[in-house]
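Working notes, structure below.
Side chains included, hydrogens not; waters and symmetry mates left out as well; all remaining heavy atoms used. Labels below follow one simple rule: chain letters A, B, ... track the order of the sequence lines, proteins then strands, and each chain is numbered from 1.
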There are 2 protein chains.
Amino acid sequence: MARDTRERLLDAGLALFAGNGLAGTTVSDLEARAGLRAGSGSFYRHFTSKEALFEAVVRQELDRFRTSIGDTTIGESTVADVKIALALEFHEALTTLGQLGQLEAIIHRDAHAMGDLFDEVEGLYNAALDASAARLNQLMESGQLPRRDPQALAVTIRSTLIGYHLNTQSFRRSARRVPPADLIAILIDLISSK
Amino acid sequence: MARDTRERLLDAGLALFAGNGLAGTTVSDLEARAGLRAGSGSFYRHFTSKEALFEAVVRQELDRFRTSIGDTTIGESTVADVKIALALEFHEALTTLGQLGQLEAIIHRDAHAMGDLFDEVEGLYNAALDASAARLNQLMESGQLPRRDPQALAVTIRSTLIGYHLNTQSFRRSARRVPPADLIAILIDLISSK
DNA sequence: GTCTATACAAAGATAGAC
DNA sequence: GTCTATCTTTGTATAGAC
């Protein structure tokens, strides 16, 4: 195996917890997916329990989330056409949702098992939302977008993107064949209409 | 007990499967919640297995879903002001999502365990979406709403409502204190802007 | 660091008394 | 129709050889 077993177990945990939930994933499943013999207790050489791995997985994804928020510099872009800037921003958001979709899935499934970490998730989520509202407000101030309640608009946009993403995920394809680009186009048309 | 045990087991199943998932719910949990002695096999006098109850629960909720779609007559309302009609319609949709939220939760958790029933869920979902698109199209034809792709707009609206609902559910309160009424107001403002 | 073997606990399921 | 008791299966976890 190329990578460290501990790392492979983290990967296995991410995929299986997201797909089958904490209770729906057995230590044997994790071992099998990490290339270990299922049923051998080899898992326990790396983590003290299934719950310990769960927490490690969530922590790892949280760090990725934090990083991806920091990387989003589009908010400060100087693209002249607001519509283009927003299109890029929304596309980026959908991509990020795709990448962090497994954390999303874990949150929706086993939020209760996350303990303190849940508060941290919520904090990060709200920070992202506030940044988005500030950005929208700025665009409204400069007259590039019609004036509306920035906080409510940010929540609306975020809800739309998340709803579309989760839906696509649940039904394993875009709802009624409306591709991401069409959704983004409509969304931008809507918020730039007066 | 007032109601039939079978019925109480269905209720218990709906609540527990939605909250803890199929794998996260034990037969003992179900028995306890239905007022039976946990650990006694009394459950098996009513259902042949945990999976059998799961299927019965999903079927029952699907029927409720079907009924609730049929009941939505607002689409044919003659309220003069489109904005008011839409506000009522969206509010109704959010309420329905709340009532069917447990089915939603089950779908997001254990879609894989639903087998054939999943296709039925998807069919109903798409039917509701098509009805919404047709309604929007009608409003555009009569000039009461600005012209946009009805299918894409319907998906956008539905995504927003579902995203908002799921988010509120995950974080146990409205995102950044934006109440449902504010979301609906923004949404209507957006789609009626030209 | 992974395996075989095994102990132990939890959960699914059945039999039979009441 | 629910209970006690019990059996079986599955899953968690540890010990010790390689």
Contact under 4.0 Å: A:K50 side-chain N or O vs D:dT12 OP1/OP2: yes
Just by distance, with hydrogens left out, do B:S42 and B:S40 show a side-chain donor and acceptor under 3.5 Å apart? yes
Taking atom P of D:dT2 as reference, at what distance in whole Å does atom CZ of B:F47 sit? 12 Å
Of the candidate nucleotides C:dG12, C:dT4, D:dC3, which contains the atom at the shortest distance from the side chain of B:S40? D:dC3
Kindly point out which of C:dA13, C:dG1, D:dT12 is positioned nearest to the side chain of B:S49? C:dA13
Check each of A:V57, A:L53, A:T25 against A:L16 using the side chain to side chain contact (heavy atoms under 4.5 Å, CB included) test, and report the only one that passes. A:T25
Under 3.5 Å, is there any donor-acceptor pair linking the side chain of A:R45 to the base of C:dT2? yes
Atom pair distance, as rounded to whole Å: CG in B:L30 and P in D:dT2: 14 Å
Is the distance from OP1 or OP2 of D:dT14 to the nearest side-chain N or O of A:Y44 less than 4.0 Å? no
Going by the angle between their ring planes, with limits at 30° and 60°, are A:H108 and B:H108 parallel, tilted or perpendicular? parallel
C:dC3 phosphate, OP1 or OP2: any side-chain N/O from A:S42 under 4.0 angstrom? yes
Roughly how many Å is it from CG in B:N20 to P in C:dA11, rounded to a whole number? 12 Å
Rounded to the nearest angstrom, tell me the gap between atom CZ in A:R8 and atom C1' in C:dT2. 11 Å
Just how far, in rounded Å, is C1' of C:dT6 from CZ of A:R37? 15 Å
May I ask you to say what B:T26 touches in the nucleic acid, namely base, sugar-phosphate or nothing, with a heavy-atom cut-off under 4.0 Å? sugar-phosphate
Given C:dC3, C:dG1, D:dT2, which nucleotide is nearest the side-chain atoms of B:T5? D:dT2
Assert: residue with more 5' nearest nucleotide on DNA chain C, out of A:H46 and A:G39, is A:H46
Rounded to whole angstrom units, what separation is found between the CZ atom of A:R6 and the C1' atom of C:dT2? 18 Å
Check whether B:T160 reaches the backbone of A:S159 with its side chain - one donor and one acceptor, N or O, closer than 3.5 Å. no
Given salt bridge (charged side-chain N to carboxylate O under 4.0 Å, His left out), test B:K83 with B:D189 step by step and report yes or no. CA-CA 8 Å; B:K83 294 192 182 184; B:D189 178 24; 5.5 Å; no
To the nearest Å, how far apart are B:L22 CG and C:dG12 P? 9 Å
Give the rounded distance in Å between these two atoms: CG of A:L9 and P of C:dT2. 8 Å
